[in-house]
Amino acid sequence: MATTIDTVPAYLEDGELKTVFVPTGGIADYTKPTVAELSATTVLELSPYLTATGFSLDHSQDTVDDDRESSAAVGTIPAGDKFSNTTLQIINNVNRGSDAPNKAFETLKRGTKGYIIRRRGKASEEPFEAGDVVSVFIVTIGLVSPVAHATNARQMSTVNFSVDPKSQDETVKVVS
């Protein structure tokens, strides 16, 4: 008996990520961000500052052992979600003069609160549109530190951030 394998297209992700930072107060309802909110002049486009692997966030779920007196086996049940390994690696143009934009470093200071919005599957330069599926991370910026010097390397900084447990990972649709 022959097996039929459906063809499922796969797409390269390079250049098809859009990451922005929206300051606190810039989104009225984080479960329904609007095109206007994600396009406001207060929104910082992070994508040009991030390295290709510069966004790090692990969203996982713990489990709890489900041991029963009546069973020799121990199962598990789902427990709480966890956001960990949350960092941004950004180009830091500090001391390079006014011709070298450095908005990411200037904006993402320790204690700053806001939202990191991330969209996959469309070119970075394409504006947000109603119906886009995005991740909305409610964040507080933590320690910002220079990346150690290396030969032939860009001048970079690592931005640590914490994530509120109400954050949504690719479950939010942008509205008009």
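Here the structure is a predicted model, which means the values were calculated and not measured. Index from 1, following the sequence.
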Listed partners of L12 passing side-chain contact (heavy atoms from CB on, under 4.5 Å), at least two apart: D14
Applying salt bridge (charged side-chain N to carboxylate O under 4.0 Å, His left out), which residue pairs with at least one partner in [range] are found, sequence neighbours left out?
range            : answer
residues 143-170 : R120-E170, D164-K166
residues 40-62   : K18-E45, D62-K82
residues 127-150 : R119-D132, K122-E129, K122-D132
residues 25-36   : none

Report the hydrophobic cluster partners of [X], with the cluster defined as I, L, V, M, F, W, Y residues connected by side-chain heavy atoms closer than 4.5 angstrom, directly or transitively.
X    : value
V159 : F21, L44, L46, Y49, L50, F55, L57, F83, L88, I90, V94, F105, L108, I116, F137, V139, I141, V144, F161, V163
V175 : none
V74  : none
V147 : I91, M156

Whether [X] side chain and [Y] backbone form a donor-acceptor pair below 3.5 Å:
X    : Y    : value
S47  : T19  : yes
S167 : I138 : yes
S124 : L17  : yes
N93  : N102 : no
Q61  : A79  : yes

Which atom of S157 lies closest to which atom of N92, heavy atoms considered: OG-ND2, 2.8 Å
Nearest heavy atoms of V134 and P33, plus distance in Å: CG2-CG, 4.5 Å
V43 with V35, same ILVMFWY side-chain cluster at under 4.5 Å: yes
All side chain to side chain donor-acceptor pair (under 3.5 Å) counterparts of Q168, not counting sequence neighbours: T171
Residue pair V174 / L38, side-chain heavy-atom distance below 4.5 Å: yes
Pairwise side-chain contact, F128 with I117, heavy-atom cut-off 4.5 Å (strictly under): yes
Pairs involving residues 105-115, ordered by first then second residue, that meet side chain to side chain donor-acceptor pair (under 3.5 Å) (sequence neighbours left out): K113-T140
Any residue meeting salt bridge (Lys or Arg N to Asp or Glu O under 4.0 Å) with D67, in chain and number order, not counting sequence neighbours: none
